[in-house]
Amino acid sequence: MAPFKLAIIVGSNRKASINRKLAQALAKLGSASFTPHFVQIDDLPMYNQDLEAAAWPQAATRLKSEIEGADAVLVVTPEHNRSIPAVLKNAIDWAARPSGKGVWGGKAAAIIGTSPGGVGTACAQQHLRDILGNQGALVMGGQMFITWKDGLVDDTDAIPNDATRAFLQTFMEKFAGLVGKLAA
Ligand code: FNR
């Protein structure tokens, strides 16, 4: 079977984002099953319903078509103040509009995140599961809170620690299994 098209959304607009590092490592770990594409969200304007009728932004069209064209979406996100970052919520909102023409319905999705804190991203992931679920996305069960430590991902986007690599590899394989079942 051809690899599944995977849209990866990183919920951080920070250049040195640890979640982007983790996402790059996951893209590499999942390469047997997925062809990854990183979806840009940091150039989207702040969502404003006035823009829907007046001047729908090109960046929002691109976002929607990249999600729509993907077999699955992986969201790798930090937690901001015990919820999802505004830049991620903004992207989800654009992709959900106009009403009835959103692209989340029936989309296979998985959620993961990392933070220097022990259970960091737990609240963000719970909120995200709720938001995407309400849009009709089929979000994989389970929770993946990755405590960030220097060296978790190396300069080649590999994960040097055997146990961590195996844990994350299993996550990507489980997701590929779900996407395969939904595609069948
Ligand atoms: C944070 N951080 C954070 N961490 C956490 O585990 N729970 C939280 O609620 C928050 N809240 C929060 C708010 C704001 C505004 C910032 C800037 C940061 C810390 C966060 O985990 C840390 O900055 C990560 O490095 C963010 O991930 P990226 O952007 O590096 O991927």
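Whatever order the structure lists them in is the order used to number ligands and atoms, beginning at 1.
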Original post:
Should Q49 and R97 count as side-chain neighbours, where that means a heavy-atom distance under 4.5 Å?
Top reply: yes

Original post:
Considering all protein heavy atoms, does one lie under 4.0 Å from atom 18 (C) of ligand 1?
Top reply: yes

Subject >> Heavy-atom donor-acceptor pair, N90 side chain to A86 backbone, under 3.5 Å >> reply: no

Subject >> Proximity to ligand 1 by part of H80, non-hydrogen separation under 4.0 Å >> reply: both

Original post:
Polar-atom distance check: R14 versus ligand 1, any N or O pair below 3.5 Å?
Top reply: yes

Subject >> Backbone or side-chain N or O of G120 under 3.5 Å from ligand 1 N or O >> reply: no

**OP:** Measure the shortest side-chain to side-chain distance between F34 and V179 over non-hydrogen atoms and say whether it is less than 4.5 angstrom.
**Re:** yes

**OP:** Look at ligand 1 and say whether S17 reaches it with a heavy atom at a distance under 4.0 Å.
**Re:** yes

Original post:
In terms of atom number and element, which parts of ligand 1 are under 4.0 angstrom from non-hydrogen atoms of P116?
Top reply: 21 (O)

Subject >> Atoms in ligand 1 flagged as close to N19, the criterion being non-hydrogen separation under 4.0 Å >> reply: 27 (O), 28 (P), 31 (O)

Original post:
Got a protein heavy atom sitting under 4.0 Å from atom 23 (O) of ligand 1?
Top reply: no

Subject >> atom 25 (O) of ligand 1 - nearest protein heavy atom and its distance >> reply: I18 CD1, 3.6 Å

**OP:** Considering only non-hydrogen protein atoms, determine which one is nearest to atom 11 (N) of ligand 1 and report residue, atom name and distance to 0.1 Å.
**Re:** N81 N, 2.9 Å

**OP:** Would you indicate whether D150, at its atom CG, is surrounded by more than 12 heavy atoms from other residues, nucleotides or ligands within a distance under 6.0 Å?
**Re:** no

Subject >> Heavy-atom donor-acceptor pair, R20 side chain to N13 backbone, under 3.5 Å >> reply: no

Original post:
Ignoring hydrogens and geometry, is there a side-chain-to-backbone donor-acceptor pair from W148 to N19 under 3.5 Å?
Top reply: no

Subject >> Nearest non-hydrogen protein atom, atom 6 (O) of ligand 1 >> reply: S115 OG, 2.7 Å

Original post:
With distance as the sole criterion, is a donor-acceptor pair present between the side chains of Q126 and Q143 under 3.5 Å?
Top reply: yes

**OP:** Identify the protein heavy atom lying closest to atom 26 (C) of ligand 1, giving its residue, its atom name and the separation to 0.1 Å.
**Re:** P78 CB, 3.7 Å

Original post:
Please state which protein non-hydrogen atom is closest to atom 3 (C) of ligand 1 and give its distance, to 0.1 Å?
Top reply: E79 O, 3.1 Å

**OP:** Compare all side-chain heavy atoms of H127 with those of K89 and state whether any distance is below 4.5 angstrom.
**Re:** no

Original post:
When only distance counts, is S12 in polar contact with ligand 1, meaning an N/O pair under 3.5 Å?
Top reply: yes

Original post:
Got more than 12 heavy atoms from elsewhere within 6.0 Å of NZ, K5?
Top reply: no

**OP:** Look only at the side chain of W104 and the backbone of I92, and say whether a donor-acceptor pair between them is shorter than 3.5 Å.
**Re:** yes

Original post:
So which protein heavy atom does atom 9 (O) of ligand 1 come closest to, and at what separation?
Top reply: R82 N, 2.8 Å

